[in-house]
Structures are given as C-alpha cells and as structure tokens.
Protein chains: 2
Amino acid sequence: MEKTLKKVDILIVEDEAPIARLMEIHLQRAGFSIALCGDGHQACQLLEQNHYRLLLLDRMIPGLRGLDLLRWLRKQKSLKKMPVIMVTALAQTEERIRGLNEGADDYLPKPFEPDELLARVKALLRRSNHQHLKVNQSIIDVDNDAQEACVQGERLHLRPLEFKLLQRLMKKMGKVRSRQYLLDHVWGINSFVEERTVDVTIKRLRKTLDKYGLGDCIVTVRGSGYRFDNKIKP
Amino acid sequence: MEKTLKKVDILIVEDEAPIARLMEIHLQRAGFSIALCGDGHQACQLLEQNHYRLLLLDRMIPGLRGLDLLRWLRKQKSLKKMPVIMVTALAQTEERIRGLNEGADDYLPKPFEPDELLARVKALLRRSNHQHLKVNQSIIDVDNDAQEACVQGERLHLRPLEFKLLQRLMKKMGKVRSRQYLLDHVWGINSFVEERTVDVTIKRLRKTLDKYGLGDCIVTVRGSGYRFDNKIKP
DNA sequence: CATAAGCTGTCATCTTCGTGTCATGTTAAA
DNA sequence: TTTAACATGACACGAAGATGACAGCTTATG
C-alpha cells in the first residue's frame, strides 16, 4: 500500500553480541533500521539524544539492570510512551508479569525464534498506533487512540479539526496536500466549507505548534497547498 | 449517605510480629490497606466477617496450621476463590508443591525481598481478574468478579451501569471510546437509549470519583467520546 | 401489600468552546 | 509595480457537552 519507506528505528539494548547481531539481521531483513547498544547507561544517553520507535531491552545488561532502565524510561517525559519489549531468559510467569508491571509492553523469552521476534515487534508497533517524528530536537508524538498529540511528552491542546489536520499532514511527511484534499479528508467529503477555511485552521494549528518552535513544520506551497516538513532551520 | 465502609485489601496471617510489620510497611507504601492477625482461628473469624482481596498466609502459625486454614478456606463457599500466597521458610520444592496442591495461588519464600513480595502480590491480583491502576498517589482497583471498585482500599459505591462504564473505560487505558461504542458495550447492543444518556452516566461516575480527586481521570474528547487517563495533573 | 429507597432515562437549561466567514494586512511571483 | 495567493485577527453563531431536576421503574423493607 504505502510507498513510504519504513522510517522505523529500533534500539536494541543487549550485551551478548551474537544475540544482538541475530536480532539486528532479522529485523533489518524485515525493513527496520537498527541501533545497537550493550550498556545500560549508554542506552540512556542514546534514548535521550536520538529517537527510536521501539526498544528491545534485555533484562540482564551491564551498567543498569533492565528493569531499572525501564523504570527510568517511564519517568522521562518524552520517553514514557515508548513501546518496549523486554527480552529475558527468565521465562517464569512471575518474572514476566513483574516486567509488565514495570511498564514493558511485551515480553520476548530467550532463546527466541526469529519469527516470534518479528511478530512481536510488528504487533507492538501496530498496537501502539502512534505516529512520531523528530524535528530538530523535539519529538512530536501523535497518539491515534487517545486522539492527542504531544511534543516532548507535553500534551498539546488541539481542537478536533486541528488534530485531524496534523494527523493527515504527518501521515505522509513532506507530501504537498491541496486544500481540496484536506477538505475531503479532514472536514469530510460532504461538508460545505470554502477552501479558505483550510488556511485559517492551518493558522490555528501553527499557532499551537509555535509554542514549541515547530510552527514552521507546516510549509505553505504557494499555489498548491500545504506540506509537513521536518527539515526546518532553527 | 456514607455507606462506603473502609475496605481492607490484604489480610496478613503471620505470628512473627517483626515480619508481619515488615510486610505491612511495604504493602502500605504501595497503596494497599492491611489487616494483621497472628492466630489461625482468629483468622478464620476475620475471613468470615470481613472481606479481603488477598491473603498472605504463613505456614507456621499458632492455632491452626497454615495448610489447615487453607484447606478450610477452600471449602467455604464465599472464600474459595480468594487469592492466597503462602509464606514459608520451607523452601524445598516438595513443600512448595504441596502448598500449591492445597490451593495456594503463589508462594513466597522466607526471607523475602520486599520487591518480590510486592511483585507477587501485584501479579496475583492481576491474575485473579482485577484491573488496578495507579493514578497520581491513588490506586484504583477494579474487581471484575466481585463487581466492585476500590480506591485506596475504600470501596466505591458505584451503580451497576457506572461500574460497567468504568470497567470498559479502564479496559484499554487512554483509548477514546465513542458514545455509540459505550452504548453497545455497557448498555448492550439492543437497548434503546439515546447517546446523551452516556453523558449523564459519565457525570454520575465522575461525581463518585471526584470524592477521591479522580474525577479528571475521565477525559472528554470533544466530538469523539470519552477516555480514561492516568496522566492527570494534580 | 404498602411504602421507602435506589437506579436510570429523558428533558430543559446553561456554559463552554470550536469553527466559518469576513475584512484587512502581508507576501511572493510575474 | 501589480496582482493573486496567503496570513492574520476579530467576531458571532451554533454545536457539543455539563448539570440539575424529575418521573418511571425496580428492588428492598416493613
């Protein structure tokens, strides 16, 4: 369906290199792009400085224990919603539940089948139903279930139309959307508003994003429409 | 008006006072309310006359041996489903299995780590058809079997519809539920009430939750429906 | 059986908030 | 410069939701 290449980045935190490599291979083959890390503290740094869509976290890693890392993660404003799969050899039920209690979204027993790894990753990404995006230093996160958008973990107050508009523009980054297209998909095919109305709603959306220095994400393409862009100059 | 009696979450049956106290402290810190008892026969009385959500049972207690108490418990109609964690210094596998055979749901070796105690309690509560959730400082606990909900161990007086509504909203945290969805799943697919009725029931549910400062958990999503949220600003 | 108490659906009213339009200012292309 | 395209602020209407009252109905209680 979508031609958009998978901009999905997965961070694998795993100290046993062969296993990490195995994961990497299988996930790359499925089209994901991967970052590896073998140390807990380093992982924190990476998570703070970069942006990943999913975290594969081994329970037993040097530096910080997996659970500690997870707990830390859930306390970070901008990371608390990140999907996490715990990887551990401790297959006992109570251990698993303990991980889930701490906020892991899923659990992968070790040793694992490549297929199971892939299935869980895909399932979790599907389940999380978020769109996120890194613009300069900020992360925009659109939660389609909750119908809310966050920047750096801070909830934006978006009105229904503004939210749908953002959703629609982010759906296909960088593609220009005509006013008519937006009217059809955001307002609905059978609404009777004039094209200029789009301008006003774009304005309102921009105003909110501006509070986070992201107003320029929405680029006007004269004569054509609007486009969402993450390569803006600060 | 105040028919809501204080409800105790966990009964600890343990004759060694320091250990009992230790358990109490850690569980209270996690938001549970605790009752203590050092004698087997007295424990039976308490169990008959009060209502607990979980039983922490030491194997070696005066009056009745732990296993006897457990056996008795499983014969009582109203108690046979109660979640029980056996606490014992006898860490041998066969002893453990014996306890489980008699109907203990889980097993805690003595001495124990506070974390493990907590993890097992939480895990067992979860397994036994409860949903619980931490919002700010409060714990909301929904017991799907007993059809009742508690905040900080205090039983909420919820009318049937309100309870089902809460259940449904908590089932998938943070997901927006449309009025129609709620009508279908709370009122039932073939009921003939209008959508506005949902508003009123939400209002009534909120009013109850408000007594615990949790009224804001249920967020209105204009144009879409309602959503249960645990990220509320205090 | 009668009465009280408790649930729930509907309605009327009030409040808040979202949105479309217009008038005017600004920008960019030709 | 000229002009069409877009930005922006103001405003008013109306929709969506909140709230309180009430009546019908069921269930406990005597």
Side-chain angles (χ1 to χ4, degrees), chain A residues 147-149 155-169 176-188 190-211 215-229, chain B residues 1-4 147-149 155-169 176-188 190-211 215-229:
Chain A
Q147 293 195 221
E148 70 174 20
R155 188 179 302 175
L156 304 184
H157 175 75
L158 293 180
R159 285 157 264 228
L161 276 177
E162 290 159 36
F163 179 80
K164 281 202 257 181
L165 193 54
L166 177 63
Q167 233 178 354
R168 193 44 82 164
L169 289 172
V176 179
R177 300 300 192 181
S178 70
R179 291 180 169 68
Q180 192 52 56
Y181 174 92
L182 292 170
L183 281 181
D184 289 350
H185 289 83
V186 174
W187 276 257
N190 43 4
S191 77
F192 298 86
V193 294
E194 35 182 284
E195 289 203 346
R196 289 281 134 236
T197 302
V198 177
D199 300 28
V200 179
T201 308
I202 287 279
K203 166 70 172 92
R204 288 167 178 155
L205 178 54
R206 271 179 181 153
K207 189 177 176 186
T208 303
L209 293 178
D210 251 342
K211 292 175 191 162
D216 298 330
C217 284
I218 298 171
V219 180
T220 307
V221 182
R222 207 180 165 85
S224 300
Y226 297 93
R227 163 170 58 102
F228 198 97
D229 211 332
Chain B
M1 174 54 220
E2 274 304 310
K3 279 188 124 178
T4 51
Q147 296 268 302
E148 67 178 23
R155 186 182 303 175
L156 302 185
H157 175 74
L158 291 180
R159 288 160 266 236
L161 274 177
E162 289 162 35
F163 179 80
K164 279 205 258 180
L165 191 55
L166 178 62
Q167 226 178 1
R168 196 40 85 163
L169 289 173
V176 178
R177 300 301 190 179
S178 70
R179 286 168 225 285
Q180 192 52 57
Y181 174 92
L182 292 170
L183 281 181
D184 288 350
H185 290 81
V186 174
W187 276 258
N190 42 4
S191 76
F192 297 85
V193 293
E194 36 182 282
E195 288 202 347
R196 289 279 134 239
T197 301
V198 177
D199 300 30
V200 180
T201 308
I202 287 278
K203 167 75 172 84
R204 288 168 178 155
L205 177 54
R206 271 181 181 149
K207 192 176 174 186
T208 303
L209 293 178
D210 249 343
K211 291 176 192 162
D216 298 330
C217 283
I218 298 171
V219 180
T220 306
V221 182
R222 206 182 164 88
S224 298
Y226 297 93
R227 179 183 52 160
F228 197 96
D229 207 334

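Per chain, numbering begins at 1; letters A, B, ... match sequence-line order.
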**Request:** Answer with yes or no whether R206(B) presents, from its side chain, a donor or acceptor under 3.5 Å of a partner atom in the base of dG17(D).
**Result:**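 Answer is no: no donor-acceptor pair is held.
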**Request:** Go through the N and O atoms of the side chain of R204(A) and the base of dG20(C), and report whether any donor-acceptor pair is under 3.5 Å.
**Result:**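 Checked by distance alone, the answer is yes.
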From C-beta outward on [X], which listed nucleotide comes closest to its side chain: [options]?
| X | options | value |
| --- | --- | --- |
| Y226(A) | dC6(D), dT8(D), dA16(D) | dC6(D) |
| P160(B) | dG18(C), dG20(C), dC7(C) | dC7(C) |
| T220(A) | dG17(D), dA7(D), dC7(C) | dA7(D) |
| D199(B) | dT19(C), dG17(D), dC7(C) | dG17(D) |
| E194(A) | dG17(D), dT21(C), dA5(D) | dT21(C) |
| V200(B) | dG20(C), dG20(D), dA16(D) | dG20(D) |

Find out whether [X] and [Y] are in side-chain contact, i.e. whether some heavy atom of one side chain is under 4.5 Å from a heavy atom of the other.
| X | Y | answer |
| --- | --- | --- |
| R196(B) | R179(B) | yes |
| H157(B) | T208(B) | no |
| L156(B) | F163(B) | no |

Phosphate oxygens OP1/OP2 of [N]: is one of them under 4.0 Å from a side-chain N or O of [X]?
| X | N | value |
| --- | --- | --- |
| W187(B) | dG9(C) | yes |
| T197(A) | dT21(C) | yes |
| H157(B) | dC7(C) | yes |
| K203(A) | dG9(D) | yes |

Could you tell me how far apart [X] ([atom1]) and [N] ([atom2]) are, to the nearest whole angstrom?
| X | N | atom1 | atom2 | value |
| --- | --- | --- | --- | --- |
| D216(A) | dA7(D) | CG | P | 12 Å |
| E195(A) | dA7(D) | CD | P | 13 Å |
| L161(B) | dG6(C) | CG | P | 17 Å |
| L183(B) | dG9(C) | CG | C1' | 12 Å |
| L182(B) | dT8(C) | CG | P | 15 Å |
| R159(B) | dG9(C) | CZ | P | 12 Å |
| K164(B) | dC7(C) | NZ | C1' | 13 Å |

**Prompt:** Pick the nucleotide of DNA chain C nearest each of F192(B) and L158(B); which residue has the one closer to the 5' end?
**Reply:**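 Upstream on the strand: L158(B).
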**Request:** Could you say whether R222(B) or I202(B) is positioned toward the 5' end of DNA chain D, judged by the nucleotide with the nearest heavy atom to each?
**Result:**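 With R222(B) and I202(B) compared, the 5'-side residue is R222(B).
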**Prompt:** Does G225(B) or R196(A) map to a spot on DNA chain D nearer the 5' end, using the closest nucleotide for each?
**Reply:**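 Comparing both residues, the 5'-ward one is R196(A).
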**Request:** Using modelled atom types only, decide if a donor and an acceptor are shared between the side chain of R206(A) and the backbone of I218(A) within a distance under 3.5 Å.
**Result:**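 Pair found, side chain donor or acceptor close to backbone of I218(A).
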**Asked** Picking from L166(B), L169(B), T201(B), L165(B), what satisfies side-chain contact (heavy atoms from CB on, under 4.5 Å) with V186(B)?
**Response**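 Only match with V186(B) under side-chain contact (heavy atoms from CB on, under 4.5 Å): L165(B).
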**Prompt:** Closest approach of V176(B) and G225(B), non-hydrogen atoms and distance?
**Reply:**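 What the structure gives for the nearest pair is CG1-N, 4.1 Å.
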